[in-house]
Number of protein chains: 2
Amino acid sequence: MNRRNTPSKEAILDLLSGSKKALSQDAIERQLDIEINRATIYRVLNRFCEDDIVHKIVAEDGKQYFAICKKCDDPSEVFQHHFHFRCLSCDTIECLQVPVEYSVPNGYEVQNANCVLTGVCDDCS
Amino acid sequence: MNRRNTPSKEAILDLLSGSKKALSQDAIERQLDIEINRATIYRVLNRFCEDDIVHKIVAEDGKQYFAICKKCDDPSEVFQHHFHFRCLSCDTIECLQVPVEYSVPNGYEVQNANCVLTGVCDDCS
DNA sequence: ATTTTATTGCGAATATGTTGCAATAATACG
DNA sequence: CGTATTATTGCAACATATTCGCAATAAAAT
Ligand SMILES: [Mn+2]
Ligand SMILES: [Mn+2]
Ligand SMILES: [Zn+2]
Ligand SMILES: [Zn+2]
């Protein structure tokens, strides 16, 4: 149950921390300096998710992308569910600072939101 | 390029038209009276999507779900991007009549939205 | 009837993600 | 330190979803 510090964890966390984009397992594997097994990368990422260090986005391509959970500038306000943007041109996914707002019919209880907008980002337009 | 009418198309369209839920390929295959090959089901569904008869939702499970494109009660208004709800209890996905509203940073152009809320639906709570 | 070609079925390929298991190594504790 | 505990890793195998090539079939046009 108790977490241990390992080179794998550290390398993956460093990579995600320094990235402006959400990364998939294979992007992480490619960008890493050290070699880490695929299964290990997934296990590390899933543990980060359990610990709320990282959140997972599932895009329209059906793949999982992972991004660091950042707090808002206003530390009193927890960073809520937000939109993600997938650029079809540069094929990247990023977290938008845009909260997801919705209302649901009576009796519906929402536990999570996975919202991805697709299009062309500023850099590519 | 020209579309032809086939028993497969008709059966799948009937099924989707009569369903309150978005359906995955394997759900469609199970619920069909006639037997249709897996690859064919996907091809029919993808053609429906191209023709804007059906829309595709990708859920957190990474699977594709398909639902008929319905117009609003108000025929003047095209049915926009809307939220979808995935119930973890009855494991279904439905279209909510809740439009997706957002703003994006300057220079971003949105072409599509894939938004799925997850939780427990009214029937199951 | 004949032609054209969209559609289908089949099998194989691709891709993503998970799991069992034995080996390794981080941590706790004497 | 030295040892014990067990979280973590690598590897291979597995599971599942979706696509693709290709030859056969059948809708639609002539
Ligand atoms: Mn995010
Ligand atoms: Mn829908
Ligand atoms: Zn871009
Ligand atoms: Zn339900």
Side-chain angles (χ1 to χ4, degrees), chain A residues 1-16 21-51 53-67 84 86 91-93 112 114 116 118, chain B residues 1-16 21-51 53-67 86 91-93 114 116 118:
Chain A
M1 297 295 209
N2 262 349
R3 299 275 123 101
R4 295 180 181 176
N5 283 328
T6 69
S8 296
K9 271 183 69 166
E10 203 178 330
I12 295 174
L13 192 58
D14 281 357
L15 189 58
L16 285 176
K21 308 288 184 176
L23 300 177
S24 62
Q25 173 274 320
D26 83 288
I28 291 173
E29 188 170 334
R30 267 185 284 109
Q31 293 180 35
L32 275 176
D33 295 325
I34 59 177
E35 275 220 353
I36 307 180
N37 181 270
R38 201 177 55 230
T40 301
I41 296 178
Y42 277 114
R43 283 188 281 226
V44 168
L45 289 170
N46 287 333
R47 265 177 263 141
F48 283 159
C49 285
E50 283 173 31
D51 298 346
I53 297 169
V54 158
H55 62 286
K56 179 197 294 188
I57 307 111
V58 177
E60 283 165 291
D61 59 7
K63 285 172 64 178
Q64 303 179 350
Y65 293 80
F66 300 86
H84 296 90
R86 173 154 183 247
D91 193 37
T92 62
I93 294 188
N112 195 20
N114 186 80
V116 182
T118 304
Chain B
M1 298 295 210
N2 263 349
R3 299 273 123 103
R4 295 180 181 175
N5 284 328
T6 68
S8 295
K9 271 184 69 166
E10 204 178 328
I12 294 174
L13 191 57
D14 281 357
L15 188 59
L16 284 176
K21 308 288 185 175
L23 300 177
S24 63
Q25 174 274 321
D26 83 289
I28 292 173
E29 187 169 334
R30 269 185 281 109
Q31 291 180 36
L32 277 174
D33 296 325
I34 61 177
E35 275 218 353
I36 308 181
N37 181 271
R38 203 161 27 128
T40 301
I41 296 178
Y42 277 113
R43 283 188 282 224
V44 168
L45 289 170
N46 287 333
R47 266 178 262 140
F48 282 159
C49 285
E50 282 173 30
D51 299 344
I53 297 168
V54 158
H55 62 286
K56 180 198 292 190
I57 307 111
V58 177
E60 282 166 289
D61 59 7
K63 285 173 65 177
Q64 304 179 349
Y65 293 80
F66 300 86
R86 173 153 184 248
D91 193 35
T92 62
I93 293 189
N114 187 80
V116 182
T118 304

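Letters go in sequence order (proteins before strands), and every chain restarts at 1.
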*Give me the one residue out of B:Ile93, B:Leu45, B:Ile12, B:Val44 that meets side-chain contact (heavy atoms from CB on, under 4.5 Å) with B:Phe66.*
B:Leu45
_By nearest atom, which of the nucleotides C:dT7, D:dT8, C:dG9 is closest to the B:Arg3 side chain?_
C:dT7
*Short side-chain N/O contact from A:Thr6 to OP1 or OP2 of C:dA25, under 4.0 Å*: no
*Give the nucleotide from the list D:dC11, D:dT8, D:dT18 with an atom nearest to the side chain of A:Arg47.*
D:dT8
*Figure out the NZ/P separation between A:Lys63 and D:dA17, and round it to whole Å.*
18 Å
*Starting from P on C:dG11, measure out to OH on B:Tyr42 and report it in whole angstrom.*
18 Å
_Gap between atoms CG and P, on A:Asn46 and D:dT8 respectively (whole Å)_ = 13 Å
*Could a donor-acceptor pair under 3.5 angstrom be found where the side chain of A:Arg43 meets the base of C:dG17?*
no
*If you pin A:Glu35 and B:Asn5 to their nearest nucleotides in DNA chain D, which one's is more 5'?*
A:Glu35
*Grab the CD-C1' distance between A:Glu60 and D:dA17 for me, whole Å please.*
17 Å
*asked:* Using a heavy-atom cut-off of 4.0 Å across all strands, would you classify B:Ser24 as base, sugar-phosphate, or nothing?
replied: nothing
*Answer yes or no: is there a donor N or O on one side and an acceptor on the other, between the side chain of A:Asn112 and the main chain of B:Thr118, under 3.5 Å?*
no
*Rounded distance in Å - CG (B:Leu45) to C1' (C:dT8)*: 14 Å
*asked:* Heavy-atom nearest nucleotide on DNA chain D for B:Ala39 versus B:Arg4: which residue maps closer to 5'?
replied: B:Ala39
*Using atom CD1 of B:Ile34 as one end and atom C1' of C:dG9 as the other, report the distance to the nearest whole Å.*
13 Å
*So do the side chains of A:Asn114 and A:His84 get within less than 4.5 Å of each other, counting heavy atoms only?*
no
*Looking across every strand, which nucleic acid part, if any, lies under 4.0 Å from B:Asn2 by heavy atom: base, sugar-phosphate, or nothing?*
sugar-phosphate
*Rounded to the Å, how far apart are A:Arg38 CZ and D:dA13 P?*
13 Å
*For A:Glu35, does the CD atom have more than 12 heavy-atom neighbours from other residues, nucleotides or ligands under 6.0 Å away?*
no
*Closest to the B:Ile36 side chain: C:dG20, C:dG9, C:dT7?*
C:dG9
_Can you measure B:Glu29 atom CD to D:dT16 atom P for me and round it to whole angstrom units?_
14 Å
*Would you find a donor on one side and an acceptor on the other, under 3.5 Å apart, between the side chain of A:Asn37 and the backbone of A:Ala39?*
yes
